[in-house]
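Below is one structure, written out as structure tokens, with a few remarks after it.
Every chain is numbered from 1, with letters handed out A, B, ... down the list of sequences.
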Protein chains: 2
Amino acid sequence: MTEEQEVFLQHIQKKGLKRTAQRDLILDMFLRTEEHLSSEDLYRLVQKQDPTIGQTTVYRTLKLLTEAGLAREVRFGDGVTHYEHNYKHQHHDHMICSECGRIIEFFSAELEAIQDAMAAKHRFQVTQHLLRIIGICAECRRALREADKAQALVGTGAKQTSARAR
Amino acid sequence: MTEEQEVFLQHIQKKGLKRTAQRDLILDMFLRTEEHLSSEDLYRLVQKQDPTIGQTTVYRTLKLLTEAGLAREVRFGDGVTHYEHNYKHQHHDHMICSECGRIIEFFSAELEAIQDAMAAKHRFQVTQHLLRIIGICAECRRALREADKAQALVGTGAKQTSARAR
DNA sequence: CTCAATGCAAAGTATTTGCACGCTC
DNA sequence: GAGCGTGCAAATACTTTGCATTGAG
């Protein structure tokens, strides 16, 4: 039994809820995945193990995991709620590449400190914070540069877009 | 004709689009409002001036304003897209009170600098960034403290929620 | 006179809820 | 056994799309 499972059980019991095979499986699949999962993603993973499980249960269980402090909701702005590990995981922020969708996690103690200072200045009691940097990752930048180079060699006036919208 | 209207017209023309009474009105109402508007909010405002205008047009025009650089999409995580002024407005971030929904805008040059430094470290080219601090604002904190105090005086075991969910 | 814009209704997404049945505690 | 949990379908909330009509350039 992992520490996370302990935490989950304790939360379950404290709230007078029940342990079920579905919840166990969903937690298990969630823990195995070190990525940002949407409910849909997790649903698909869980389905492979037990096709009878319902989408609704995954939604509900993710809420439960969030309450228990095991998961954290992250919204990247595409209308889908993603979840990531939150138990004994240091808080971190995200850079999102608008070209390839890659997500880079990073952490800066300075950043955290300044955020806290700003909050204190407004006598605002922080519950959580979320920082999202959107832009173009190193690889996509290189790819784009090469595309432009190729383009320059062709030297025609043909309109080709080297940058794409998301 | 304000500068913003110029910008809008230029964008319209550059893209071979057309100027319409609806677009003018929507832009006008948007400019008059120094708040974070959802499409729904703006729709209601615009309706007062011209009840024949459709929700769809407001959605479409807000996208247009965003393209033109006049508006900026902000998602606070409640599933609704909000828009705020973006033309010659300094970038700023938000603290959101989970009790009353109040939104406090703030800016920190240090914060911006560190974000840029973090991005540079990952050779990530920043397009935009978004920082959201969620917590409890000064007023709600005070209200909650007072509620707790009153509660303590009563001294009963009666369950009263001093904190509310959103 | 052409093509974009509009408004409506319908379709899409993502998520939540009502409900009858099944399973923990 | 009592009540929570489950899966389904339906509902909801926000946003986008198809389409016929209207209107700008």
Next item on the list: Could you give me the CA-CA distance, side-chain angles and deciding distance for B/L27 and B/L65, then say whether side chain to side chain contact (heavy atoms under 4.5 Å, CB included) is met?
Entry: CA-CA 8 Å; B/L27 172 57; B/L65 295 184; 3.8 Å; yes
Notebook entry, point to check: Of B/Y59 and A/G16, whose closest DNA chain D nucleotide lies nearer the 5' terminus?
Noted result: A/G16
Check: In Å and rounded to the nearest 0.5 Å, what is the CD to CG distance from A/E99 to A/L144?
Finding: 5.0 Å
Next item on the list: Would you mind classifying the nucleic acid contact of B/R19 as base, sugar-phosphate or nothing, using non-hydrogen atoms under 4.0 angstrom?
Entry: sugar-phosphate
Check: So what does A/R60 hit on the nucleic acid, given a heavy-atom distance under 4.0 Å: a base, only sugar-phosphate, or nothing?
Finding: base
Next item on the list: Give, for atom CG of B/L131 and atom CE of A/M118, the distance between the pair rounded to the nearest 0.5 Å.
Entry: 9.5 Å
Note to self: Classify B/T20 by what it touches in the nucleic acid, base, sugar-phosphate, or nothing, heavy-atom distance under 4.0 Å.
What the structure shows: sugar-phosphate
Note to self: Over all strands shown, is B/K63 touching base, sugar-phosphate only, or nothing at heavy-atom distances under 4.0 angstrom?
What the structure shows: sugar-phosphate
Next item on the list: Answer yes or no: does atom CD of A/E67 have more than 12 heavy-atom neighbours from other residues, nucleotides or ligands under 6.0 Å?
Entry: yes
Notebook entry, point to check: Between A/S98 and A/G135, is there a donor-acceptor pair closer than 3.5 Å when you use the side chain of the first and the backbone of the second?
Noted result: yes
Notebook entry, point to check: Where does the chain A footprint on DNA chain C start and end, counting 5' to 3' with a 4.0 Å heavy-atom cut-off?
Noted result: C/dA14 to C/dC25
Checklist line | Leading and trailing nucleotides of DNA chain D with any atom under 4.0 Å from heavy atoms of chain B | finding: D/dC14 to D/dG25
Next item on the list: Check step by step if salt bridge (charged side-chain N to carboxylate O under 4.0 Å, His left out) holds for A/E73 and A/K63.
Entry: CA-CA 9 Å; A/E73 289 190 357; A/K63 289 237 170 293; 3.3 Å; yes
Check: Quick one: does B/R132's side chain get under 4.5 Å of B/I134's, heavy atoms only?
Finding: yes
Item checked: First of B/Q55 and B/K18 reached from the 5' end of DNA chain D, by closest nucleotide -> B/Q55
Note to self: Regarding A/S38, tell me which of base, sugar-phosphate or nothing describes its non-hydrogen contacts under 4.0 Å with the strands shown.
What the structure shows: nothing
Next item on the list: Hey, could you give me each pair passing ring-ring contact (aromatic ring centres under 6.0 Å, His included) that has a residue in residues 116-143 of chain B? Not counting sequence neighbours.
Entry: B/H91-B/H129
